[in-house]
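In what follows, a structure is listed as structure tokens, so that the remarks can point back to it.
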Amino acid sequence: MPADRRPGPGGVLVGWRRRAAVGLGGLCLALSLAGCTSGTAVESTSQQLYFQVPGGWKVYDQSQLQGGALVPALAGGAPAEFLSVAVGGAHPRASEALSASTVPWAIAEVRALAPAEQANMSFEGLSDVLFNVDAAAQMGTNVQFTSPPQLLVNGALRGAQLSVDYGGNLRYDQVAWVNPATDKVWVLMVGCSLSCFQANQAVVGSIVRSFYVRESQ
């Protein structure tokens, strides 16, 4: 489908489009996602985002996460406008997210950027949306980018894709998008422990590639 392009192995996305008549519910067909029929779609019409996780994963929506330990742990001062967690494994728990767990997880968040964040937002700043890797590194945490961060372009949206070894025990891939006004961010992070990540690289890559944010923001 020449008019619709999504990230390749390097994560670079330029001019990603979809037909205006295609809604989020029809995105599987529009983007021809591999294994789309066997996965579980996580989407928000109001926030214009979509991603897909394996069919056996447990998906938690925002109402199930409010009041738990996970929400206060997220970086940024503004409340989430959208929050979802998906966890694999035989006994999935939402608390696995953002940890060096033995099962893979994915977390997606949409939130407004605080004025201070807007003033300092940059390509590098998109790496700090969920985990503030710069602050962690300054405090002595071993943070390494396992590959150079990639700039993403989707119409007027700008984004970054990165792979991080955090603290020597957690590895994750992240995609973050910011709108032209630089007042709102969409982010997806997929990760788990180092050994878990290595065993599930194909799954992680598939989830990351499926992440879609509509460009008309």
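Expressed to the nearest 0.5 Å, how far NZ of Lys58 lies from CD of Glu96 amounts to 14.0 Å. With rounding to the nearest 0.5 Å, the separation of CG in Asp173 from CD in Gln201 is 8.5 Å. Atom CD1 in Ile107 sits 5.0 Å away from atom CG in Leu83 (nearest 0.5 Å). In this structure, OG in Ser210 is found 11.0 Å from CD in Glu43, a value given to the nearest 0.5 Å. In this structure, CG on Leu188 lies 7.5 Å from CD1 on Ile207, to the nearest 0.5 angstrom. For the atom pair CH2 of Trp105 and CG of Leu98, the computed distance is 5.0 Å after rounding to the nearest 0.5 Å.
Screening residues 154-169 for salt bridge (charged side-chain N to carboxylate O under 4.0 Å, His left out) gives Asp165-Arg171 as the qualifying pairs, with residues at least two apart or on separate chains. Residue pairs satisfying the disulfide bond (SG atoms under 2.5 Å apart) criterion with at least one member in residues 118-205, sequence neighbours excluded, are listed as follows: Cys192-Cys196.
The shortest side-chain heavy-atom distance between Pro104 and Trp57 falls under the 4.5 Å cut-off. Using a 4.5 Å heavy-atom cutoff, the side chains of Val110 and Ser44 are not in contact. The shortest distance between side-chain heavy atoms of Glu117 and Asp128 does not fall below 4.5 Å. Gln174 is not listed as a side-chain neighbour of Val208, based on a closest heavy-atom distance of 4.5 Å or more.
Each of Leu194 and Leu170 belongs to its own hydrophobic cluster when Ile, Leu, Val, Met, Phe, Trp and Tyr are linked at side-chain heavy-atom distances under 4.5 angstrom.
In terms of modelled atom types and a separation under 3.5 Å, the side chain of Ser101 and the main chain of Val103 share a donor-acceptor contact. The main-chain N or O of Lys184 is found under 3.5 Å from a side-chain atom of Asn179 such that the two form a donor-acceptor pair. For the pair Asp134 (side chain) and Ala137 (backbone), a donor-acceptor distance under 3.5 Å is absent. Side chain of Trp186 to backbone of Arg214: no donor-acceptor contact under 3.5 angstrom is found. Under a 3.5 Å cut-off, the side chain of Ser84 and the backbone N or O of Tyr60 do form a donor-acceptor pair.
For the pair Leu49 and Phe51, the tightest heavy-atom approach, listed with the atom from each and the gap, is CD1-CD2, 4.3 Å. Nearest heavy-atom pair across Ser193 and Thr102 is OG-CA, 4.3 Å. Closest approach of Leu157 and Pro180 over heavy atoms only: CD2-CD, 4.2 Å. Val190 and Phe197 make their closest contact through O-CE1, 4.0 Å (heavy atoms, listed as atom of the first residue, atom of the second, distance). Of all non-hydrogen atoms in Gly159 and Leu151, the two that sit nearest each other are O-CD1, 3.5 Å. When every heavy atom of Phe123 is checked against every heavy atom of Ala160, the shortest pair comes out as CE1-CB, 3.5 Å.
In this structure Tyr172 satisfies the ring-ring contact (aromatic ring centres under 6.0 Å, His included) test together with Phe131, sequence neighbours excluded.
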Quiz item: Under the side-chain contact (heavy atoms from CB on, under 4.5 Å) criterion, do Val178 and Leu113 qualify, and how do the steps go?
Solution: CA-CA 9 Å; Val178 65; Leu113 291 171; 4.0 Å; yes
Quiz item: Can you check side-chain contact (heavy atoms from CB on, under 4.5 Å) on Val213 and Gln48, steps first, answer last?
Solution: CA-CA 6 Å; Val213 176; Gln48 293 294 283; 5.6 Å; no
